Amino acid sequence: MATERDLVVLGVGMHPWGKWGRNFVEYGLVAAKAALADAGMVWRDIQFVAGADTIRNGYPGFVAGSTFSQAMGWTGAQISSSYAACASGAQGMQSARAQILAGFADVAMVIGADTTPKGFFAPVGGERKEDPDWQRFHLLGATNPAFFALNARRRIDVFGDTPDDFAMVKVKNSKAGVANPYARFRKEFTLDDFAGSPIVSDPLRLLDICATSDGAAAVIICTPEYAKAKLGTLEGTVRIRAVANTTPTYPQVRLELPDIATDSNAVVAAPALGFKDSVAHNAYEQAGLGPEDLSCAEVYDLSTALELDWYENLGLCPEGEGASLVRSGATALGGRVPVNASGGLASFGEAIPAQAIAQVCELTWQLRGQADGHQVEDAKVGLAINQGLFGHGSCTILSK
Amino acid sequence: MATERDLVVLGVGMHPWGKWGRNFVEYGLVAAKAALADAGMVWRDIQFVAGADTIRNGYPGFVAGSTFSQAMGWTGAQISSSYAACASGAQGMQSARAQILAGFADVAMVIGADTTPKGFFAPVGGERKEDPDWQRFHLLGATNPAFFALNARRRIDVFGDTPDDFAMVKVKNSKAGVANPYARFRKEFTLDDFAGSPIVSDPLRLLDICATSDGAAAVIICTPEYAKAKLGTLEGTVRIRAVANTTPTYPQVRLELPDIATDSNAVVAAPALGFKDSVAHNAYEQAGLGPEDLSCAEVYDLSTALELDWYENLGLCPEGEGASLVRSGATALGGRVPVNASGGLASFGEAIPAQAIAQVCELTWQLRGQADGHQVEDAKVGLAINQGLFGHGSCTILSK
Amino acid sequence: MTATERVPAIDGWFTTSEPYTLIGAKCTDCATYVFPPRSGACPNPDCDSMELEPAPLSRRGTVWSYTENHYAPPAPYVAAEPFEPYALAAVQLEAEGIVILGQVAKGVMAADLSIGMEVEVDLQVLYRDADGVDHWIWTWAPAAPEASA
Amino acid sequence: MTATERVPAIDGWFTTSEPYTLIGAKCTDCATYVFPPRSGACPNPDCDSMELEPAPLSRRGTVWSYTENHYAPPAPYVAAEPFEPYALAAVQLEAEGIVILGQVAKGVMAADLSIGMEVEVDLQVLYRDADGVDHWIWTWAPAAPEASA
Ligand SMILES: [Zn+2]
Ligand SMILES: [Zn+2]
């Protein structure tokens with residue numbers, strides 16, 4: 001059951017995902033105003049603003065908390081600007097959550113927006129020989145899809161997965177995304193579409209890999225007292241049960257973006273729990289819940305194969321059985337535990353600082369029963385998990 | 001008096017400031033290990049790592065919390081990476097403080113390091129017509145010193161300050177810095193030196209403006225309970241009485257870096273308290289203290305004239321009387337309220353993400369009576385204030 | 001080349017034909033001004049409007065402060081070779097309640113300026129690009145006495 | 001040009017004369033290995049050492065996983081024109097307990113690789129710069145059977 005420490009999601013808002021190349025601030029403003037409207041609040045009510053940064057949009061992107069505060073109108077509120085790659089939104093969530101639980105604010109907005117270049121993500125400019133991101137691009141041409149592919153290949157050769165198993169993830173997610181008004185790609189794909197999709201990084205095809213998108217999301221969270229005063233009751237409110245941001249434990253023996261090499265396990269043995277397992281584990285522990293309690297989950301399907309990894313990291317099935325799980329239909333809408341009922345990154349594409357916040361928006365709509373056309377039946381507990389480059393694991397659990 | 005909410009500064013450490021152009025991570029490691037040694041702790045004791053980001057060092061700089069955690073050795077600790085320009089270190093402080101007060105950690109490290117290019121700060125690369133930082137450089141050539149100069153000129157024409165008054169600040173600070181082993185410039189300047197110093201942005205000369213430096217600082221903070229268990233007593237510990245991070249209130253009618261224009265006060269009247277006044281005000285309010293309680297202060301002397309502004313913003317003297325205050329000797333070592341007993345930015349130069357953390361190091365040494373050669377006599381309460389581009393005001397108050 | 005063919009160093013911030021005028025934006029709801037012009041939301045925190053329309057600003061204002069650059073600013077500034085010092089002024093526009101920074105007209109230096117002095121918008125060449133095209137920018141120039149309001 | 005004149009695409013990560021060897025770093029205190037080589041601190045959180053010294057790594061390892069790039073990576077990669085697909089392999093070094101990613105020797109493609117396969121360090125040209133200088137990089141090449149340990 002939720003406790004006094006479990007903050008309330010008072011309002012959520014998104015700007016649809018797409019590709020327009022406009023100033024990221026404009027998308028963020030739309031999301032912020034939508035979240036305020038959803039919460040029945042005005043901007044001046046917000047006491048703390050946690051921005052999730054974007055690093056490809058100059059100075060305003062580095063100080064997202066400031067940029068959105070100024071764009072909405074300076075109120076003297078406190079702010080934070082966080083960066084944690086794909087987990088930036090989750091770090092923003094935890095920033096706001098801690099400020100509130102520490103008593104510095106009763107209500108806060110978490111916001112992120114991005115506008116992205118076409119094609120592969122490239123590192124920021126300049127010759128920086130000590131930057132692992134520069135190293136992997138310049139010396140190896142090791143793109144993000146190449147890393148996804150290394151993991152996908154392991155699944156094929158070790159677990160016996162097939163490219164069709166991966167494609168099943170896209171088939172499932174694209175079907176769910178058709179009904180999501182915020183999704184960028186609202187087209188249902190079939191296994192047959194994959195044959196015509198070019199190989200990007202063997203064994204992954206273009207359809208296996210998520211695109212980069214423009215988009216924005218905002219969430220308003222508050223203390224239970226604040227919510228009760230505002231709503232008259234806590235009945236039916238969505239509560240934050242866990243925000244677990246976790247780093248690896250040395251030695252990190254799984255090759256992870258953007259590193260060219262793993263840590264060494266010659267002197268210090270690898271921890272019993274792998275990094276991605278530990279991210280979910282910490283969230284379950286915080287929430288006092290387990291995989292069996294989940295009604296649905298949003299996971300970071302940067303590649304189709306990666307979604308299968310997450311099933312196993314989340315404990316939805318034993319290691320190596322992800323492909324069987326997706327094939328069983330258990331993770332599709334109507335299944336035992338629908339995963340990426342939003343359509344996932346397959347339908348959205350990645351808008352880095354917005355994505356983890358958008359996961360919270362989606363779960364909130366699911367728990368409220370407002371996910372028209374892609375509603376998980378009787379959703380009570382939802383989990384969102386993702387991983388940002390450089391050891392940023394994050395997992396959020398919400399419940400009704 | 002300090003309360004249970006007033007966290008303890010358990011350890012502080014710095015890497016000397018200078019100009020070597022090495023990887024910023026190396027400086028940070030030295031500061032982190034110095035802070036651990038100062039606290040009598042080992043790295044694995046740290047439960048939360050708050051990194052202050054640098055934006056000119058590629059990806060590792062954007063994820064400073066991760067970069068230092070990995071460099072010291074992954075322990076699974078939670079992290080944050082914050083950016084707030086010159087106030088980044090203060091935002092890191094507040095991140096760690098909130099995590100602790102929210103109950104997510106008992107002890108945390110705040111860390112920042114930078115390596116900087118020679119000369120004026122230039123904006124990050126690329127043509128970004130919507131970035132105020134790009135706009136002011138490209139369209140006007142409005143460098144940071146130009147903004148400092150606009151404020152200095154106001155002091156001359158409105159308050160009757162003279163360039164000699166500004167120089168007095170440097171004379172005072174450079175004298176204090178001679179004894180500081182962490183300072184980069186340990187040379188005492190006299191008024192006579194100014195005649196030979198070239199004008200950079202009229203009326204400011206090269207000697208009026210702080211340089212850019214390499215440097216690093218780290219602080220370890222914890223709950224009073226943790227400190228008591230570790231030290232046996234809270235007697236003599238340095239406590240955090242306030243960390244006030246404040247944004248402007250619309251309309252912001254003072255021209256501030258990096259904006260080309262102020263807000264308009266035609267429709268909405270300007271707030272009674274100006275932005276920089278409000279930053280100090282909020283800190284005093286948090287601490288339950290006032291200017292009369294200060295034993296010493298560290299203020300951001302990006303320019304000599306700016307230090308005089310801070311005297312007034314802090315309430316050390318009425319508006320317009322900053323020059324008289326510095327001339328009176330009240331803010332020199334041995335005076336009523338020594339300001340920048342560390343030597344200030346005049347002696348250090350600016351290492352952006354490290355600077356606000358270094359201020360806390362300095363105040364800690366002052367309050368402990370460990371500031372050999374530049375010790376403020378019987379220091380009981382110290383304040384640090386600074387301002388980062390894009391509306392990042394921050395003020396920290398420590399007491400014994 | 002006629003005045004109307006002047007290429008602005010940035011689009012939409014000022015007119016390139018006489019009378020030279022800065023162009024801000026004005027909220028269609030609460031009538032607040034912003035400069036530079038922008039799309040997005042009104043910066044008045046109590047106004048929910050997202051409609052900002054272009055609005056010409058007063059051509060004249062008074063100097064709030066000023067300085068003189070003695071060193072060439074770094075890129076993306078395109079500095080002349082050899083570099084010639086030039087002045088910058090922050091100018092208060094009374095009606096709009098805004099202070100706007102700008103380069104001061106070439107040849108007018110800090111010694112020629114004072115706080116409260118009246119200035120007006122003019123244009124000058126900011127830089128010539130590799131194709132030989134001049135890019136123009138607004139400047140603050142001492143106000144012509146006859147046109148004084 | 002003799003082999004010793006080869007210009008490495010990055011300094012200090014591998015030898016440029018035979019036998020080609022990757023160079024990591026090793027903690028002088030706890031003996032842990034790191035690759036790429038670096039200065040700074042030992043990454044073992046329980047080791048306080050700041051002394052890492054260069055250490056040659058095993059020349060042979062086994063394939064942990066592999067892929068094949070079918071599109072030219074973006075800059076700062078310097079892609080050949082026209083682009084030719086090439087393979088990457090992540091290779092486990094037994095003694096050092098490290099997996100290291102590298103390009104696979106030209107002409108050896110994903111279909112030629114399998115997990116567990118033995119490979120060894122070789123060098124190949126990564127790109128030719130504007131001055132006509134070749135920059136070399138390590139590769140993983142199928143291990144020569146006769147040299148098998
Ligand atoms: Zn308005
Ligand atoms: Zn070691």
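Order of the sequence lines fixes the chain letters, A, B, ..., with proteins taken first and strands second; residue numbering starts at 1 for each chain. The model shown is predicted, which means the values in this text are computed figures rather than measured ones.
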Pick one of side chain, backbone, both or neither for A:Gln135, based on which atoms fall under 4.5 Å of a heavy atom in chain D.
side chain
Over-ring placement of A:Lys170 relative to A:Phe166, 6.0 Å and 45° cut-offs
no
Pick whichever of A:Val268, A:Asn151, A:Asn265 has the most heavy-atom pairs under 4.5 Å with chain D.
A:Asn265
Choice from D:Phe35, D:Trp64, D:Trp13 maximising heavy atom contacts with chain A below 4.5 Å:
D:Trp64
When the 4.5 angstrom heavy-atom criterion is applied to D:Ile115 and chain A, the contacting part is both
Under 4.5 Å heavy-atom distance to chain A, tell me which part of D:Gln103 shows up: side chain, backbone, both or neither.
both
Checking heavy atoms, do the side chain of D:Trp138, its backbone, both or neither come under 4.5 Å from chain A?
side chain
Under a 4.5 Å heavy-atom cut-off, does chain A meet the side chain of D:Val34, its backbone, both or neither?
neither
Side chains of A:Asp208 and A:Ser303: do they bring a donor and an acceptor to under 3.5 Å?
no
Does any backbone or side-chain atom of D:Ile100 lie under 4.5 Å from a heavy atom of chain A? Answer side chain, backbone, both or neither.
both
Would D:Arg6 and D:Trp136 count as a cation-pi pair here, with the cationic atom under 6.0 angstrom from the ring centre and within 45° of the axis?
yes
Taking the basic N atoms (NZ, or NE/NH1/NH2) and the acidic carboxylate oxygens, is any pair closer than 4.0 Å for D:Arg60 and D:Glu120?
yes
Electrostatic pair A:Glu312-A:Arg155, nearest N-O below 4.0 angstrom
yes
At a heavy-atom separation under 4.5 Å, does D:Ala95 approach chain A through its side chain, its backbone, both, or neither?
backbone
Between D:Ile137, D:Asp46, D:Asn44, which shows the greatest number of heavy-atom pairs under 4.5 Å with chain A?
D:Asn44
Using every non-hydrogen atom in the two residues, find where D:Thr67 and A:Ala149 come nearest and quote the distance to one decimal.
OG1-CB, 3.2 Å
Once you measure the plane-to-plane angle for D:Tyr86 and D:Tyr77, does it fall in the parallel (<30°), tilted (30-60°) or perpendicular (>60°) bin?
parallel
